[in-house]
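Here is the structure we will look at, set down as structure tokens.
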Amino acid sequence: MSVAQQHWSEYTRGLTSPQAAARVRAARELGKLGGDAVGALPALIAAVEDADQAVREAAVQAIAHVGPAAVAPLVQFLSHPDKYVRRHATWGLGKLGPQARSAMASLCAALHDTDPRTASGAAQALGSLGPAAAAAVPALTEAMRGTNVVLCRLAAKALSQIGEPAVPTLLFHLRHHDPFVRGEAAVAVGWIGGAAAEAVPALIDMLLTSTPAPRATADHIQYGGSGIGTPIASPHEPEPGSAEETSRLAAVTALGRIGAAAADAIPLLTAAAEGPGEQVRSAAQVALRQIQGV
């Protein structure tokens with residue numbers, strides 16, 4: 001018997017201790033062994049049904065450290081009655097990253113969990129799969145429309161981690177009727193960066209008016225005066241701190257992160273860099289430097 005086997009055997013026995021503190025300690029020690037504790041997996045799975053909540057949490061956390069063999073039990077725990085177990089299960093699957101690809105459908109379902117933190121954890125876990133989670137784009141996009149603000153943001157982040165496969169959906173949502181959804185789509189586009197250059201026209205529209213225009217191309221932007229000029233004002237300036245203003249800020253930031261491919265936005269960004277709204281003004285100044293490579 002190897003030293004690792006001796007250790008996990010000893011700690012496995014500790015999982016049956018009459019003292020909850022000892023069971024918690026045993027589970028944590030097994031977690032530290034990582035893949036060497038794979039032989040203790042059945043005992044850890046049983047410990048997730050312990051009467052003591054701290055033991056349940058320590059056990060599911062330890063399972064997450066075992067490696068690929070943990071995927072199946074962690075998926076099972078996504079429907080556990082204890083919300084804390086479900087939360088740790090999403091965390092564990094996220095930790096495994098692309099190794100947890102087989103959990104994608106279950107994680108998509110977990111986006112609808114009644115516990116907001118479990119749902120948000122599912123979004124993070126899907127993001128950790130990267131481009132392999134392309135099939136999760138519709139579910140993540142739907143999650144962006146909900147009332148859980150943290151989930152919306154993490155779903156947008158996950159879409160950005162998926163990358164180019166998510167761009168067409170994000171382009172569509174840059175024209176969503178809800179300014180919050182438009183803003184989250186812009187945030188995701190910004191995280192993707194240069195690979196999302198085709199989003200530039202829609203982002204320009206988000207700056208032109210508070211409601212996206214039917215189309216967005218550089219040649220329909222009108223300017224007055226000489227030189228770069230000043231863009232024609234939108235129907236109304238968004239209220240500071242409003243969803244419209246937040247989405248506008250996200251559009252400015254995204255254009256900067258896209259870089260040189262967003263050169264068509266320079267006139268609008270120049271005006272925004274001198275206009276009202278401290279946050280937008282500051283973001284526009286940064287975006288101009290990023291686009292111009294200054």
Side-chain angles (χ1 to χ4, degrees), residues 8 11-35 37-129 133 136 139-140 142-144 146-158 161:
W8 71 250
Y11 297 136
T12 298
R13 288 193 295 272
L15 290 174
T16 62
S17 169
Q19 297 179 340
R23 299 197 299 277
V24 169
R25 185 164 54 252
R28 288 175 178 169
E29 292 300 328
L30 284 166
K32 291 177 184 177
L33 292 176
V38 68
L41 198 51
L44 284 168
I45 292 172
V48 178
E49 304 306 324
D50 196 282
D52 187 275
Q53 182 175 315
V55 175
R56 294 196 296 271
E57 291 189 55
V60 73
Q61 287 174 16
I63 290 169
H65 289 284
V66 169
V71 174
L74 290 174
V75 166
Q76 202 171 10
F77 296 145
L78 289 176
S79 57
H80 197 279
D82 183 346
K83 67 180 180 182
Y84 296 101
V85 169
R86 300 199 302 276
R87 290 178 184 180
H88 289 299
T90 62
W91 171 83
L93 290 166
K95 181 179 181 298
L96 288 166
Q99 296 178 100
R101 184 177 179 178
S102 62
M104 184 165 56
S106 297
L107 287 168
C108 286
L111 291 171
H112 300 282
D113 197 284
T114 54
D115 174 47
R117 291 185 63 179
T118 298
S120 297
Q124 287 181 296
L126 286 166
S128 75
L129 298 177
L140 287 164
E142 182 64 31
M144 285 173 56
T147 57
N148 179 347
V149 175
V150 175
L151 173 59
C152 290
R153 179 56 53 91
L154 290 175
K157 178 64 176 175
Q161 290 172 288

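Because the structure is a prediction, the values reported are computed rather than measured.
When the side chain to side chain contact (heavy atoms under 4.5 Å, CB included) test is applied to Glu142, the partners found at least two apart in sequence or on another chain are Arg145. For the salt bridge (Lys or Arg N to Asp or Glu O under 4.0 Å) test, no residue two or more places apart in sequence or in another chain qualifies with Lys83. Listed by chain and residue number, Arg87 satisfy the salt bridge (Lys or Arg N to Asp or Glu O under 4.0 Å) test with Asp115 (two or more places apart in sequence, or in another chain). Scanning for side chain to side chain contact (heavy atoms under 4.5 Å, CB included) contacts around Ala122 gives Thr90, Leu107, Ala110, Leu111, with sequence neighbours left out.
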Between Phe77 and Ile45, does a side-chain contact (heavy atoms from CB on, under 4.5 Å) hold up when you go through it step by step? CA-CA 9 Å; Phe77 296 145; Ile45 292 172; 4.1 Å; yes
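Pairing each heavy atom of Pro98 with each of Leu129, the nearest pair is CA-CD2, 4.0 Å. The two residues Ala123 and Ala158 come nearest to each other via the heavy atoms O-CB, 3.4 Å. Closest heavy-atom contact between Val71 and Ala103: CG1-CB, 4.3 Å. Minimum interatomic distance between Ala22 and Ser17 (heavy atoms only, all atoms of both residues): CB-OG, 3.4 Å. Heavy atoms only, all atoms of each residue included: Gly146 and Cys152 are closest at O-SG, 3.4 Å. Considering all non-hydrogen atoms of both residues, Met104 and Ala133 come closest at SD-CA, 3.5 Å.
The backbone N or O of Ala51 lies less than 3.5 Å from a partner atom in the side chain of Arg56, making a donor-acceptor pair. A donor-acceptor pair under 3.5 Å is formed between the side chain of Thr16 and the backbone N or O of Arg13. The main-chain N or O of Arg117 is never found under 3.5 Å from a side-chain atom of Ser120 such that the two would form a donor-acceptor pair.
Annotation: the span from Leu15 atom CG to Arg23 atom CZ amounts to 9.0 Å, rounded to 0.5 Å. How far NZ of Lys157 is from CG of Leu151: 15.5 Å, rounded to the nearest 0.5 Å. Summarising the geometry, atom CG belonging to Leu44 is positioned 6.5 Å from atom OG1 belonging to Thr12; distances are rounded to the nearest 0.5 Å. For the atom pair CG (Leu78) and CG (Leu93), the distance works out to 5.5 Å, reported to the nearest 0.5 Å. The structure places CG of Leu126 at 11.0 Å from CG of Leu154, a figure rounded to the nearest 0.5 Å. Atom-to-atom distance recorded for Asp50:CG and Asp82:CG is 11.0 Å, nearest 0.5 angstrom.
Legend: side-chain hydrogen bond (donor to acceptor under 3.5 Å, both in side chains) pairs involving residues 101-114, not counting sequence neighbours, sorted by first then second residue: Arg86-Asp113.
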Which donor-acceptor pairs under 3.5 Å do side chains of residues 57-66 form with protein atoms, sequence neighbours excluded?
unit_1, atom_1, unit_2, atom_2, d
Glu57, OE1, His88, NE2, 2.8
Glu57, OE2, Gln53, NE2, 3.0
Gln61, NE2, His88, ND1, 3.4
Gln61, NE2, His88, NE2, 3.2

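Within the 4.5 Å cutoff, the side chain of Pro116 has no heavy atoms near those of the Val150 side chain. A heavy-atom distance below 4.5 Å is not found between the side chains of Arg153 and Met144.
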